[in-house]
Amino acid sequence: MGNVRVCDVPFYLDVTLCCGQVFRWDKVGDWWFGVAGGRAFKVRQKGNKIEYANVDEVFLERYFGLDVDLQRISDNVNKDEHIAKALNQFWGLRLIRQEPWECLISYICATYKSIPAIKHMLNKLAAKFGEPLELEGKKFFTFPKAERLATASEVSLGECGLGYRAKYLLATSKRVCNGFDLEGLKRLPYVDAKKALMDLPGVGAKVADCVLLFSLGKLEAFPVDVWVKRVVLNHYADKLEPELLSRLRTREGLSCGDYERLNGFGRGYFGEFAGYAQEYLYHYERMQL
DNA sequence: CGTGGGCCTGTCTA
DNA sequence: ATAGACAGGCCCA
């Protein structure tokens, strides 16, 4: 029932699962329970040992991104004392390779919501439209397929607490059912894939960047949310143009243009693995509260 | 291209 | 207890 893998690469399971990139994992005791790849499984870490059940090692390694060379990425993005502190404090945090469809819907739901509320919405969606699974007597649900959501009514979607997001979900589900090639975006350059995503209802620059980074393998994507904005204002103000800086300080929120400027700063400054830097800094800033 | 206002509803705080 | 503020933005005028 239980398998053990000696993990010879840096990995920090707890931070990886609670840093806000995925929403459907829960910790019970010292075990994390979640659903991916169409099955429910559990995993925990004891020192350099990864214990897991109901999943195979190949899937696990790929899902948690254990095959990427974290040291090389760290060396690459480690440009200053701030990112260095974040890397050191949360060393082993990895970007999970999420399934694009679930990731897309998750981040459409995430707009203007807190993390607990997002989890609530996604769990209700899965319970209502997903397929039931079981592990050790606990109930789980697969994430509903696009076809299932596309044929649901806006009212029944709304019952999951989606609010105004219900119509975006419905419209985007229909687009995906009608041939929008989500997987195919992996083969496009970052800029083109982002443009294609932003054509979907409910998907702006921020949501697009999250989907690109967390599920489409675009490690240069640098999502800018309120926390990343705080990181930049608190630690990288001197890297920005004065007028941009004063706009960011006076106005709340972010105009489209200023989003792209901060996003461009991140990609330019941190380079091809900017997304890893983003996630470490994001988590770092959140832990300062 | 930039700006402002509205928005569903679950959580958290006073 | 119950109201009010706020939340990992997006869309439209």
Side-chain angles (χ1 to χ4, degrees), chain A residues 15-25 86 93 95-96 98 102-128 153-173 175 194-215 221-234 241 243-264 266 274-275 277-289:
Chain A
V15 180
T16 297
L17 284 175
C18 79
C19 71
Q21 53 178 329
V22 285
F23 302 104
R24 294 219 303 139
W25 280 90
L93 161 59
L95 294 179
I96 291 173
Q98 300 184 39
E102 176 168 354
C103 187
L104 172 63
I105 295 303
S106 298
Y107 281 92
I108 289 177
C109 288
T111 69
Y112 207 39
K113 275 289 185 188
S114 62
I115 288 177
I118 299 165
K119 298 180 78 159
H120 181 256
M121 282 187 284
L122 295 175
N123 283 331
K124 292 206 79 165
L125 263 182
K128 189 159 184 176
S153 70
E154 193 175 320
V155 172
S156 65
L157 287 173
E159 287 167 1
C160 298
L162 299 175
Y164 63 84
R165 300 163 195 79
K167 64 175 185 293
Y168 298 145
L169 244 71
L170 191 53
T172 286
S173 297
R175 286 283 303 277
K194 183 170 179 177
K195 198 175 299 175
L197 278 173
M198 288 175 66
D199 191 45
L200 294 172
V203 180
K206 155 67 166 60
V207 172
D209 274 320
C210 287
V211 176
L212 288 164
L213 178 61
F214 298 135
S215 74
F222 190 82
V224 179
D225 56 34
V226 293
W227 294 99
V228 173
K229 179 182 169 184
R230 282 171 204 159
V231 170
V232 176
L233 284 177
N234 289 342
E241 303 193 354
E243 48 185 35
L244 170 59
L245 189 57
S246 68
R247 261 203 313 282
L248 294 175
R249 282 185 170 143
T250 52
R251 285 195 35 157
E252 44 188 305
L254 213 52
S255 70
C256 297
D258 286 348
Y259 180 95
E260 292 306 326
R261 287 182 189 96
L262 285 183
N263 174 263
Q278 187 272 4
E279 202 56 19
Y280 274 86
L281 289 171
Y282 167 82
H283 191 61
Y284 179 78
E285 196 69 16
R286 282 182 58 108
M287 293 301 107
Q288 298 309 307
L289 277 182

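Please read all numbers here as calculations on a predicted model, not as lab measurements. A note on names: the letters A, B, ... follow the listed sequences, proteins ahead of strands, and every chain is numbered from 1.
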Between atom [atom1] in [X] and atom [atom2] in [N], what is the gap in whole Å?
X: A:Gln278; N: C:dG8; atom1: CD; atom2: C1'; value: 10 Å
X: A:Met287; N: C:dG8; atom1: CE; atom2: C1'; value: 13 Å
X: A:Lys194; N: C:dG9; atom1: NZ; atom2: P; value: 15 Å
X: A:Lys113; N: B:dT9; atom1: NZ; atom2: P; value: 8 Å
X: A:Ile115; N: C:dC6; atom1: CD1; atom2: P; value: 19 Å
X: A:Glu260; N: C:dC10; atom1: CD; atom2: C1'; value: 14 Å
X: A:Tyr164; N: B:dT9; atom1: OH; atom2: C1'; value: 10 Å
X: A:Tyr112; N: B:dC8; atom1: OH; atom2: C1'; value: 10 Å

Nearest of [options] to any side-chain atom of [X]?
X: A:Lys167; options: C:dG8, B:dT3, B:dC8; result: B:dC8
X: A:Arg247; options: B:dC8, C:dG9, B:dT3; result: B:dT3
X: A:Tyr168; options: C:dC11, C:dA7, B:dT3; result: C:dC11
X: A:Asp225; options: B:dT3, B:dG10, C:dG9; result: C:dG9

Should [X] and [Y] count as side-chain neighbours, where that means a heavy-atom distance under 4.5 Å?
X: A:Leu169; Y: A:Leu125; answer: yes
X: A:Leu254; Y: A:Leu262; answer: yes
X: A:Val207; Y: A:Tyr168; answer: no
X: A:Val15; Y: A:Glu279; answer: no

Touch check for A:Val207, heavy atoms < 4.0 angstrom, all strands: base, sugar-phosphate only, or nothing?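 Sugar-phosphate contact only.
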
Within the structure shown, what part of the strands sits under 4.0 Å from A:Val203 by heavy-atom distance: base, sugar-phosphate, or nothing? sugar-phosphate

What integer number of Å spans the P atoms of C:dG8 and B:dG4?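 Comparing P positions in C:dG8 and B:dG4 gives a spacing of 23 Å.
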
Separation of the P atoms in B:dG6 and C:dC6, to the nearest angstrom: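 It comes out at 16 Å once rounded to the nearest Å.
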
Respond yes when some side-chain nitrogen or oxygen of A:Arg261 is under 4.0 Å from OP1 or OP2 of B:dG2, and no when none is.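 It does, given that an N or O in the side chain of A:Arg261 lies less than 4.0 Å from OP1 or OP2 of B:dG2.
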
Under 4.0 Å: is that the gap between some side-chain N or O of A:Arg251 and OP1 or OP2 of B:dG4? yes

5'-most contact on DNA chain C: A:Trp227 or A:Leu200, nearest heavy atom basis?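 The residue whose closest nucleotide sits nearer the 5' end is A:Trp227.
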
For A:Pro223 and for A:Gly202, locate the closest nucleotide of DNA chain C by heavy-atom distance; then report the residue assigned to the nucleotide nearer the 5' terminus.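 Looking at the nearest nucleotide for each, A:Pro223 comes out on the 5' side.
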
Any strand counts, and the cut-off is 3.5 Å on both contacts for Watson-Crick or G-U wobble. Which nucleotide pairs with B:dG4?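 WC or wobble partner is C:dC12.
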
Quick one: look up who C:dA5 pairs with, Watson-Crick or G-U, both distances under 3.5 Å, and put none if it's unpaired. B:dT11

Tell me if the centroids of the rings in A:Phe222 and A:Tyr282 come within less than 6.0 Å of each other.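 No - the distance between ring centres of A:Phe222 and A:Tyr282 does not fall below the 6.0 Å cut-off.
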
Can A:Asp209 and A:Lys206 be counted as an ion pair, charged N to O under 4.0 angstrom?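 Salt bridge flag = no for A:Lys206 with A:Asp209.
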
